[in-house]
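Just the heavy atoms: all of them, side chains too, but no hydrogens, waters or symmetry mates, feed the values below. Lettering of chains follows the sequences in order, A, B, ..., and the numbering in each one begins at 1. Not measured: the values here are computed from a predicted model.
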Amino acid sequence: MPELPEVEKYKRYVDYYALNQKIRTVTIRNTKILQNISKHKFESILLDQQFIETRRIGKYLFLRLSDDNWLVFHFGMTGNIYYFKNLKQEPNHSRLLIRFTNNNYLSYDCQRLFGFVRLIKNLNKYRFQIQLGSDALFISKKEFLQKIDKRTAKVKSVLMNQHFLSGIGNIYADEICFQTRIHPAQPINKISTKKIDELYNTISTVLNTAIYYQADFSKYPKEYIIPHRKKNGNCPLNKKHDLKTIKISGRTTYYCPIHQKKINKRK
DNA sequence: GTAATTGTTCATGT
DNA sequence: CACATGAACAATTA
């Protein structure tokens, strides 16, 4: 699930349930989620600390610890976070289990193990190291336009490039293209100034809408393409028209061939 | 059995 | 360097 709206949901969930509680035990159930640190060391660093603040940038979630180090979560394709009272409620693919002194638990669940957790000292330094672009919800129009300048890649590839701006993945890139009525394979430098303006505005509209509905696809506006992104899906604007699929950046892309046509205007 | 899956990185080629 | 593509990572489902 985890693109920007899902990770924002996790952030608010942690804010609500798991802040300011002392950590009593830490269990790494699968060491594949660790990077450059031993299970033992990771567990002992967290012990007796609390989470005192959270931050989300793009698809990353950062939890600040009492000692001012940060616990970083990346959710890969299948990561999630659960807080619960009874160990029986531990999810099936729990990879990190934290037990607080109030006897409640926080679990990082990650079926496909593409996600990871790690500890860092300096958030800005880490952000620079991994070349994480500005958050898609907070990038200024000025920076957006500057970064687009001279780029020739397909608009969807640009949207999904986390070095360019962070938080948008395969699903929401399709929605943003659809709502802007731009063909996802349109080279970004061949989009009119007016459409680029629309694109910029649509990014935050779509992401904020998704956050508002807590990333529950079934609640999205009826003109959204996301619930129709499946085999034999049709255009929510005109159900006669089948959606088409193509591959962009290796990802299956759904779009409506009637409402999203390639254009060839120069800037 | 085959293909696909909300992500990222690396190798390779243009 | 910009960009596209495919493979790899792993688990599960249609």
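- Taking the ring centroids of A:Tyr108 and A:Phe73, they lie under the 6.0 Å cut-off.
- When each of A:Leu113 and A:Lys154 is assigned the nucleotide of DNA chain C with its nearest heavy atom, A:Lys154 is the one assigned upstream, toward the 5' end.
- Using the Watson-Crick or G-U wobble rule with both distances under 3.5 Å, B:dT6 pairs with nothing in any strand shown.
- Atom CD of A:Glu8 and atom C1' of B:dT6 are 17 Å apart (whole Å).
- Aromatic rings from A:Tyr105 and A:Phe100 are positioned such that their centres are separated by 6.0 Å or more.
- In the model, A:Thr31 has no side-chain atom that pairs as donor or acceptor with a side-chain atom of A:Lys39 under 3.5 Å.
- Relative to the six-membered ring of A:Tyr60, A:Arg56 misses at least one condition, a distance below 6.0 Å or an angle of at most 45° to the axis.
- Hydrophobic cluster of A:Tyr255: the remaining members, joined at side-chain heavy-atom separations below 4.5 Å, are A:Ile246, A:Ile248, listed by chain and number.
- For the pair A:Ile225 CD1 and B:dT6 C1', the interatomic distance rounds to 15 Å; values are reported in whole Å.
- Checked for salt-bridge contact, A:Asp48 and A:Arg24 miss the test: no charged N lies under 4.0 Å from a carboxylate O.
- Among the atoms of the strands shown, none is found under 4.0 Å from any heavy atom of A:Lys231.
- One finds no side-chain N or O of A:Thr252 lying less than 4.0 angstrom from the OP1 or OP2 phosphate oxygen of B:dA4.
- The side-chain heavy atoms of A:Gln179 and A:Tyr224, taken from C-beta on, include a pair separated by under 4.5 Å.
- A gap of 24 Å separates the C1' atoms of C:dC3 and B:dT6, to the nearest Å.
- Between A:Thr253 and A:Lys247, the side chains place no donor N or O within less than 3.5 Å of an acceptor N or O (distance only, hydrogens not considered).
- Counted by atom type alone, A:Gln111 and A:Asn92 present zero donor-acceptor pairs between their side chains at under 3.5 Å.
- For the pair A:Asp174 CG and B:dT6 C1', the interatomic distance rounds to 11 Å; values are reported in whole Å.
- A nucleotide of DNA chain C counts as in contact with chain A when one of its atoms lies under 4.0 Å from a heavy atom; the first and last such, 5' to 3', are C:dC3 to C:dT12.
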- Item | Contact letters for nucleotides 7-14 of chain B, in which S counts primed atoms plus P, OP1 and OP2 and B counts the base, heavy atoms under 4.0 Å | BS------

